[in-house]
Amino acid sequence: MSFGKGCHLHLIDGSAFIFRAYHALPPLTRKSDGAPIGAVSGFCNMLHRYVEGNTGPDAPTHVAVIFDKGSHTFRNDLYDLYKANREAMPEDLRPQMPLTREATKAFNIACEEIEGYEADDIIATLSCQAREAGGRVTIISSDKDLMQLVGDGVEMLDAMKNIRIGVEGVEAKFGVGPDRVVDVQALAGDSVDNVPGAPGIGIKTAALLINEFGDLETLLDRAEEIKQPKRRQTLIEKREQIELSKKLVTLDCNTPLDFTLDDLEVKDPDPDVLLPFLAKMEFRSLTKRIADRLGAEAPEIDDTPQPGAEAPEEAAPDAPPIDPDKYETVTDAEALAGWIDRIRERGYVAVDTETTGLDEMVVDLVGICLCVDAGTACYIPLAHKAEGESGGLFGNDDLAPGQMPLAEALDLLKPVLEDDSILKIGQNMKYDAKILRRYGIRVAPFDDTMLISYALHAGLHGHGMDALSDRYLGHTPIPIKEIIGTGKSQITFDRVPIDKATRYAAEDADITLRLWQTLKPRLHREQVTTVYETLERPLSPVLATMEMHGIQVDRDTLSRMSNAFSQKMAQLESEIHELAGESFNVGSPKQLGEILFDKMGLEGGKKGKTGAYATGADILEDLATEHDLPARVLDWRQLSKLKSTYTDALQEHINPETGRVHTSYVQTGANTGRLASTDPNLQNIPVRSEEGRRIREAFVAPEGKVLVSLDYSQIELRILAHVAGIEALKQAFHEGQDIHAATASEVFGVPLDEMTPEIRRQAKAINFGVIYGISGFGLARNLRIPRGEAQGFIDRYFEKFPGIREYMDQTTAFAKENLFVQTLFGRKIHTPEIAAKGPRAGFAKRAAINAPIQGTAADIIRRAMIRMPEALAKMPDSAAVKMLLQVHDELIFEVTTEAADDLVGVARGVMEKAADPAVKLDVPLVVDAGQGANWAEAH
DNA sequence: CCTGTCACG
DNA sequence: GACGTACGTGACAGGG
């Protein structure tokens with residue numbers, strides 16, 4: 001049928017469909033190969049629903065889905081900043097774009113796009129043509145940029161809200177009719193598309209002006225007549241900018257098309273095309289639903305995981321060998337500009353910074369290396385010192401010649417490092433990002449080879465550059481020790497001669513780029529793209545911010561405690577020596593063992609592999625029932641530990657500039673997905689003993705602020721209840737019961753109102769034991785009861801909760817089959833030792849049982865941390881709210897006293913909903929909160 | 001550098 | 001039948 005009077009054309013804004021689908025759905029992946037597929041799934045559902053709804057007299061006779069093609073359009077030629085503030089397309093969306101086109105065609109709907117034009121222009125052109133031919137048009141979109149087309153038989157339809165937008169709708173939105181919409185837009189501008197408009201004039205004022213003067217041209221010509229001085233001045237001064245804005249917002253009704261309206265006739269979908277496509281996408285329910293609808297048989301869906309099925313491009317096998325002699329030293333702006341051109345051409349660059357040390361909060365930047373292609377790397381020295389003796393009165397602290405000024409280099413590099421369209425690649429990018437943040441540069445977007453390796457291979461090997469280079473490139477990088485030396489004669493990197501520095505530093509960037517080329521494509525094949533993109537990469541900048549905040553620590557409190565501990569230790573030491581009858585080093589397990597078991601002849605002396613007696617706390621505790629000496633040693637050891645590890649060592653970590661302690665989180669430190677904290681470790685500050693807990697009093701909030709602590713209640717047991725599907729436990733959590741008491745009641749048959757602390761304690765030990773992969777021996781040792789009795793507890797536990805044993809068996813079977821286990825969020829933890837024979841198999845089995853539980857909990861708090869900055873930013877006075885620390889199931893914040901309660905509400909909301917929407921837990925997550933002037937009070 | 005010990009979740 | 005066992009970390013001190 002030829003398009004004409006009585007025809008009804010539907011034009012669907014394809015991009016709007018895609019983005020709506022992408023953002024509405026969790027990041028689904030195709031089961032067989034892990035390809036991201038969420039947006040395609042949503043898109044197909046929307047198309048299906050659209051087709052379903054097209055019945056009755058108002059049904060279209062012609063239809064097309066219109067897409068954008070390419071990012072450069074004629075508008076960019078008019079104004080190079082047009083849409084310049086658009087965020088880059090998410091990486092897991094890009095590969096789905098062609099599939100949405102394929103999907104449209106599979107539904108037998110015309111699918112149109114034209115290079116150099118936006119979808120809006122095609123829609124405008126088709127609308128004009130249809131109108132001229134005497135037909136009606138419905139534009140399925142809610143984009144206000146299309147509202148200028150409304151009228152004369154053209155309507156818009158907001159498919160989400162199911163609202164039709166006619167001339168009245170446009171007038172309600174813009175205050176003028178469709179024919180004057182572009183005039184209003186030209187004045188008001190558009191922050192989304194980066195259309196400048198007239199500063200200070202919004203839609204309301206624009207409509208007022210246009211209605212007064214009739215149209216934009218008249219308004220601009222008669223601007224002198226405007227009474228408000230500011231407005232008048234703007235319109236006169238910014239005339240050019242306003243006219244440009246009008247060109248940008250005006251849609252082109254004369255887009256050259258390579259098809260006609262007649263080509264868009266509505267056709268029924270062909271089951272032989274549509275169903276195989278849906279099956280290929282592995283959309284089970286949609287395939288079935290549509291097959292039923294079409295009266296066809298649903299094809300088989302083969303979604304068995306196919307490792308390597310995709311086989312994306314590997315690192316170029318013809319990459320040149322790694323050769324440190326080939327690297328360039330960049331010494332001036334001209335050379336650097338050349339490298340920046342190369343980076344812009346490439347779209348990505350490996351970056352590495354060289355500094356004077358390892359503490360990112362203290363060290364200075366010495367140089368930057370860049371690599372754009374395997375073998376093509378440079379080093380930009382920026383702060384190398386001239387040769388000669390360092391420091392001192394007569395030392396030479398002058399800069400070495402042949403370096404461009406640091407500020408000049410950073411000015412040139414900043415736009416590149418912050419450019420949305422250029423991917424920055426690093427190995428442990430958090431380090432470089434922290435250094436560069438101190439110089440006012442925020443690196444984004446980025447990839448991190450260390451995090452990629454961790455997402456791929458946690459549990460298989462380390463993720464440091466040396467290990468990765470050895471393993472994947474067969475190359476051992478130049479050891480830093482060869483450059484800066486070791487021990488007393490070690491120098492800082494700024495004392496390294498520049499030629500030598502270039503060889504070392506540029507090689508790191510070269511290796512990083514090659515590792516990225518090798519490892520990045522494997523994310524898909526291993527089906528851990530989502531893990532990397534949602535749990536690893538976005539966490540890194542959050543950790544960087546927390547580390548840079550640091551937490552205030554009061555030196556005087558620590559120092560007073562140190563003195564008190566010293567006195568008490570000296571007293572204990574003399575008592576111990578008196579009891580022993582001789583003087584010895586209490587801190588030496590070897591000497592202590594000899595005193596206890598040889599000299600005093602106590603029972604229970606067991607020698608370890610080194611031939612020394614074991615003198616651990618458990619052994620001393622047994623001995624302490626009979627003798628004073630081991631009891632005193634236990635007290636001495638506790639104080640010694642507190643003093644050396646905490647009250648003394650922590651003082652050394654107070655940053656003199658900030659007065660705060662800045663830990664470092666190692667994102668790849670624990671195989672399960674937990675973080676590790678180092679320099680200092682702030683995840684093991686004492687809490688269990690009264691004396692130890694007082695150390696937390698030294699962690700304080702500044703004047704006018706408080707520390708707030710929020711922690712997940714029993715998160716691992718909740719996850720166990722969920723993954724093992726234990727109804728009784730789930731119910732106990734839903735009812736907010738004391739879970740250990742509930743377990744005791746169930747296992748030991750004691751009614752809750754007759755519960756004793758002792759029985760509850762035993763049940764608690766069993767609950768923890770289960771999470772760790774329980775054994776009779778382990779539980780017996782923990783509870784200090786005979787092994788047979790402990791085994792009896794376990795047997796009864798499994799009798800009551802058979803699902804737990806099933807979970808354990810399934811998990812170990814899965815681990816044996818696959819050599820890895822997984823968290824609910826898809827994180828893989830490799831367990832190669834599960835195949836081992838002997839005692840190591842036991843270790844591996846328990847680790848395999850524990851890892852999904854510990855790892856899922858770790859994933860959940862990571863998700864909360866990643867979402868936290870945005871949630872906090874919405875609070876009033878958000879600049880005064882800081883997330884400072886993470887301790888596995890706890891987050892510590894600093895906030896003004898007045899805002900503390902608000903913060904608890906906001907942060908608790910984020911934490912309790914952190915699993916959503918990716919995982920629907922059968923148990924609620926509960927977060928407890930506390931606040932106070934110091935960490936002891938807040939916890 | 002390794003081992004034992006002990007701090008945390 | 002024997003063996004060795006709770007899971008995950010990091011820091012410090014002693015001793016070779």
Side-chain angles (χ1 to χ4, degrees), chain A residues 458-459 584-593 607-621 633-634 636-650 652-653 663-666 668-689 691-693 695-696 711-717 720 765-783 787 790-791 794 821 829 831 837-855 857-858 861 885-890 939:
Chain A
F584 71 101
N585 184 350
V586 182
S588 164
K590 184 165 171 276
Q591 294 180 32
L592 175 66
K607 294 195 175 178
K609 21 187 166 189
T610 53
Y613 290 110
T615 65
D618 46 349
I619 291 172
L620 296 189
E621 273 164 34
V633 172
L634 281 170
W636 184 91
R637 276 201 185 154
Q638 190 196 9
L639 295 175
S640 163
K641 180 79 175 182
L642 294 178
K643 181 171 175 343
S644 66
T645 310
Y646 301 105
T647 56
D648 287 350
L650 270 176
E652 305 293 309
H653 282 285
T663 184
S664 255
Y665 290 102
V666 190
T668 57
N671 290 336
T672 52
R674 274 196 179 178
L675 302 177
S677 160
T678 66
D679 307 300
N681 180 355
L682 294 187
Q683 291 183 321
N684 71 345
I685 303 303
V687 70
R688 292 174 188 167
S689 79
E691 301 94 312
R693 185 158 55 238
I695 288 168
R696 294 186 173 219
D711 68 289
Y712 284 107
S713 164
Q714 308 290 1
I715 187 167
E716 293 192 357
L717 275 177
L720 175 71
I766 300 174
N767 276 334
F768 277 107
V770 167
I771 292 171
Y772 297 151
I774 199 159
S775 77
F777 183 92
L779 183 64
R781 197 173 65 173
N782 189 294
L783 282 177
R787 205 174 142 176
Q791 192 57 54
I794 294 170
V821 292
I829 299 118
T831 58
K837 291 266 175 271
R840 277 155 27 135
F843 278 111
K845 184 182 158 194
R846 291 190 296 272
I849 290 168
N850 175 258
I853 301 169
Q854 187 181 115
I861 196 166
L885 301 177
Q886 188 249 44
V887 193
H888 308 309
D889 64 357
E890 175 188 14
H939 186 75

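Chain A is the first sequence line, chain B the second, and so forth, proteins listed ahead of strands; every chain is numbered from 1.
- If you take CD1 of A:Ile715 and P of C:dG8, they are 18 Å apart, rounded to a whole angstrom.
- Between the C1' atom of C:dT5 and the CG atom of A:Asn782 lies a distance of 13 Å, rounded to the nearest Å.
- A:Glu890 and A:His939 share a side-chain donor-acceptor pair at under 3.5 Å.
- The closest side-chain heavy-atom distance from A:Gln683 to A:Leu675 is below 4.5 Å.
- In this structure, A:Tyr646 places its OH atom 10 Å from P of C:dA11, rounding to the nearest Å.
- The separation between A:Leu634 atom CG and B:dT5 atom P is 11 Å, rounded to whole Å.
- For the pair A:Asn850 and C:dA6, the criterion of a side-chain N or O lying under 4.0 Å from OP1 or OP2 is not met.
- Here C:dA11 is the nucleotide among C:dA13, C:dA6, C:dA11 with the atom lying nearest to any side-chain atom of A:Lys641.
- The side chain of A:Asn585 lies closest to C:dG14, out of C:dG16, C:dA6, C:dG14.
- Residue contacts shown for A:Gly842 are absent, as no nucleic acid heavy atom lies under 4.0 Å away.
- Nucleic acid contact for A:Ala851: none, since no nucleic acid atom lies under 4.0 Å from a heavy atom of the residue.
- Counting distance only, with no hydrogens placed and no angle test, the side-chain atoms of A:Arg637 and the base atoms of B:dG4 include no donor-acceptor pair under 3.5 Å.
- Close to B:dT5, at under 4.0 Å from its OP1 or OP2, lies a side-chain N or O of A:Thr615.
- A 4.5 Å side-chain heavy-atom check between A:Ile849 and A:Val770 finds every atom pair outside the cut-off.
- Across all strands shown, A:Phe843 has heavy atoms under 4.0 Å from sugar-phosphate atoms exclusively, and none from any base.
- The A:Leu779 side chain lies nearest to C:dA6 when the options are C:dT9, C:dA11, C:dA6.
- Set against C:dT9, C:dA11, B:dG4, the side chain of A:Asp679 has C:dA11 as its closest nucleotide.
- If you check every strand for non-hydrogen atoms under 4.0 Å, A:Gly616 touches sugar and phosphate atoms only.
- Comparing C:dG15, C:dA6, C:dA11 by their closest approach to the side chain of A:Arg846 singles out C:dA6.
- At the heavy-atom level, A:Asn681 lies under 4.0 Å from the strands shown only through sugar-phosphate atoms.
- Counting only Watson-Crick and G-U wobble pairs whose two key distances fall under 3.5 Å, DNA chain C forms stems of three or more stacked pairs at B:1-9 with C:7-15.
- Between C:dA6, B:dG9, C:dA11, one nucleotide has an atom nearer to the side chain of A:Arg674 than all others, and that is B:dG9.
- Inter-residue side-chain proximity for A:Leu642 and A:Thr647 is flagged as unmet; no heavy-atom pair is nearer than 4.5 Å.
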Could you walk me through whether A:Arg781 and A:Glu621 pass the salt bridge (charged side-chain N to carboxylate O under 4.0 Å, His left out) check? CA-CA 13 Å; A:Arg781 197 173 65 173; A:Glu621 273 164 34; over 6 Å; no
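- A:Ser775 comes within 4.0 angstrom of a base, heavy atoms only.
- OP1 or OP2 of B:dG9 lies within a sub-4.0 Å distance of a side-chain N or O belonging to A:Arg688.
- Note on A:Ile774: a base of the nucleic acid sits closer than 4.0 angstrom, heavy atoms only.
- Taking atom C1' on both C:dC3 and B:dT5, the two are 24 Å apart, rounded to the nearest angstrom.
- Within 4.0 Å (heavy atoms only), A:Gln638 reaches sugar-phosphate atoms of the nucleic acid but no base atom.
- Dense packing is recorded around NZ of A:Lys643, with more than 12 heavy atoms of other residues, nucleotides or ligands lying under 6.0 Å away.
- Residue A:Arg781 places no side-chain N or O under 4.0 Å from the OP1 or OP2 atom of C:dT5.
- To the nearest angstrom, P of B:dG9 lies 10 Å from OH of A:Tyr772.
- Summarising the geometry of A:Gln638 relative to A:Ser689, their closest heavy-atom pair is NE2-OG, 2.9 Å, with the distance given to 0.1 Å.
- Between A:Ile771 and A:Asn850, some side-chain heavy-atom pair lies under the 4.5 Å cut-off.
- A straight line from CD of A:Gln886 to P of C:dG10 spans 13 Å, rounded to a whole angstrom.
- Considering only side-chain atoms of A:Pro589, the nucleotide from B:dC8, B:dT5, C:dT5 that sits closest is B:dT5.
- Of the candidate nucleotides C:dT5, C:dG10, C:dA6, C:dA6 has the atom lying nearest to any side-chain atom of A:Ala765.
- Within 4.0 Å (heavy atoms only), A:Asp889 reaches sugar-phosphate atoms of the nucleic acid but no base atom.
- Residue-level contact check: A:Ala841 touches neither bases nor backbone, having no heavy atom under 4.0 Å from any strand.
- When rounded to the nearest whole Å, the span between CD of A:Glu652 and C1' of C:dG10 equals 18 Å.
- Taking atom P in both B:dC6 and C:dA2, the straight-line distance is 32 Å, to the nearest Å.
- With hydrogens and angles disregarded, no donor-acceptor distance shorter than 3.5 Å links the side chain of A:Tyr772 to the backbone of A:Gly778.
- When heavy atoms are screened at a 4.0 angstrom cut-off, A:Gln591 is found touching the sugar-phosphate backbone but no base atom.
- The residue A:Arg693 sits apart from the nucleic acid: no heavy atom pair falls under 4.0 Å.
- Inter-residue side-chain proximity for A:His888 and A:Ile861 is flagged as unmet; no heavy-atom pair is nearer than 4.5 Å.
- Taking atom P on both B:dC8 and C:dG4, the two are 30 Å apart, rounded to the nearest angstrom.
- Counting non-hydrogen atoms under 4.0 angstrom, A:Ser640 reaches nothing in the nucleic acid.
- Rounded to whole Å, atom C1' of B:dG9 lies 12 Å from atom CG of A:Leu675.
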